J.: 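There's a structure below that I have some questions on.
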Amino acid sequence: MERTAINLGGVELGSSVMNASGPRSAERGELYELSAVHTGPVVFKSCNMAGLEEPENLRNRGIEHFAAIARELRSRGKIVVASVVGTSDGELAGVARTLDEAGVNIIELNLADDYVQRALAPFASIERLGSLLEAVRGATRAVLAVKMPPAGLSLEPRALAHRMKSAGVGILVCANDLPKDLDIDIRSATVTGEPRALSQVHRFYREAAGALDIVAVGGVNRGRDAYVAHLTGAKAVQVGSAIIKEGAGALGRIDRELDTLLAENGKRSVSEIIGTVGFSG
Ligand SMILES: Cc1cc2nc3c(=O)[nH]c(=O)nc-3n(C[C@H](O)[C@H](O)[C@H](O)COP(=O)(O)O)c2cc1C
């Protein structure tokens with residue numbers, strides 16, 4: 001879908017819609033299926049150096065498994081996003097380096113998971129965050145993304161976004177935690193009420209002031225959800241549960257629905273609507 005193509009962190013994507021790390025993205029067959037059904041990038045399940053059996057949500061076969069698949073998919077021209085976890089700065093940097101050498105386009109540091117937060121406390125202070133990010137940046141050339149914890153951050157968003165940027169991060173993956181009862185008119189891109197941050201995506205979009213690209217994750221099940229995420233500042237969206245429910249085909253469906261909504265609203269490109277939500281309060 002040409003209308004949904006976008007540049008994310010300097011990487012040209014065939015679609016702003018992609019899978020979220022985890023669901024159906026751990027095994028070779030699953031990753032090939034995701035790659036085949038959709039023109040957007042493919043996102044790998046989070047991996048660490050040696051692989052994990054526990055915790056269950058981070059079970060993975062380890063770095064060599066993912067690096068081999070990355071080399072194969074990159075040789076076919078697929079855009080690859082790899083997700084990294086670890087329990088030391090050195091492990092994160094080492095996993096990121098191996099994936100970088102395998103040719104992945106974007107490295108997503110999964111700083112959202114409790115497993116990583118407990119071991120590394122990346123958000124304990126701005127200085128701590130900076131030293132962790134610089135260790136990874138120094139080991140890699142790929143575009144760096146950080147997946148944010150959806151809640152519990154004590155650091156001030158503007159300072160955090162600024163430090164991310166200065167450490168060489170290009171993309172923040174943020175929670176698409178819009179209120180369930182959000183009153184939004186899609187056609188006019190207007191929300192009822194006073195101007196305010198509508199979600200973590202929207203908050204970081206406003207605070208980063210164009211310095212970082214934002215990706216929305218959470219609750220993207222239909223084209224309309226993707227459209228609203230884009231209106232609130234997301235340059236791209238990630239889909240998790242819908243893929244578990246209906247398979248990899250959910251990506252193409254959401255992409256087509258988003259494309260139809262863009263056409264209905266007279267937009268030639270998804271880039272025309274990013275962050276354009278307004279308020280009628
Ligand atoms: C079974 C499962 C496994 C997941 N594994 C990971 C993972 O390895 N790394 C990660 O960053 N997020 C992981 N997630 C979180 C998803 O990437 C995503 O943030 C979450 O499912 C919210 O999106 P959704 O509302 O579309 O499901 C996982 C989620 C599920 C349901």
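In listed order, ligands and their atoms are each counted from 1. Model, not experiment: these values are computed from the prediction.
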J.: Going by an N to O cut-off under 4.0 Å, is there a salt bridge joining R24 and E30?
T.: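 Salt bridge absent between R24 and E30.
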
J.: For residues T192 and D183, is any side-chain donor paired with an opposing acceptor at under 3.5 Å?
T.: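 A pair is found: one side chain offers a donor N or O, the other an acceptor, under 3.5 Å apart.
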
J.: Kindly compute the distance separating CZ (R97) from OG1 (T140), expressed to the nearest 0.5 Å.
T.: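 Here the rounded value is 8.5 Å.
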
J.: With sequence neighbours left out, which residue pairs that include part of residues 147-170 fulfil the side-chain hydrogen bond (donor to acceptor under 3.5 Å, both in side chains) condition?
T.: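 Listed by first then second residue: E134-R163, R158-E207, R163-S166.
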
J.: Which N/O atoms of ligand 1 sit under 3.5 Å from a protein N/O, and at what distances?
T.:
unit_1	atom_1	unit_2	atom_2	d
ligand 1	5 (N)	K45	NZ	3.0
ligand 1	8 (O)	K45	NZ	2.9
ligand 1	8 (O)	S46	N	3.4
ligand 1	8 (O)	S46	OG	3.4
ligand 1	9 (N)	S21	OG	3.1
ligand 1	9 (N)	S46	OG	2.7
ligand 1	9 (N)	N110	ND2	3.4
ligand 1	11 (O)	N110	ND2	3.0
ligand 1	11 (O)	K147	NZ	3.0
ligand 1	12 (N)	S21	O	3.2
ligand 1	12 (N)	K147	NZ	3.0
ligand 1	14 (N)	S21	O	3.3
ligand 1	17 (O)	S21	O	2.7
ligand 1	17 (O)	K147	NZ	2.9
ligand 1	19 (O)	K147	NZ	3.0
ligand 1	25 (O)	G219	N	2.8
ligand 1	26 (O)	G240	N	2.8
ligand 1	26 (O)	S241	N	3.3
ligand 1	27 (O)	S241	N	2.8
ligand 1	27 (O)	S241	OG	2.5

J.: Identify the residue among L34, V81, V215, L31 that makes a side chain to side chain contact (heavy atoms under 4.5 Å, CB included) with V43.
T.: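 Output: one option passes, namely V81.
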
J.: With the threshold set at 4.0 Å, does a side-chain nitrogen-carboxylate oxygen contact exist between E72 and K78?
T.: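 Result for this pair is no, no salt bridge flagged.
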
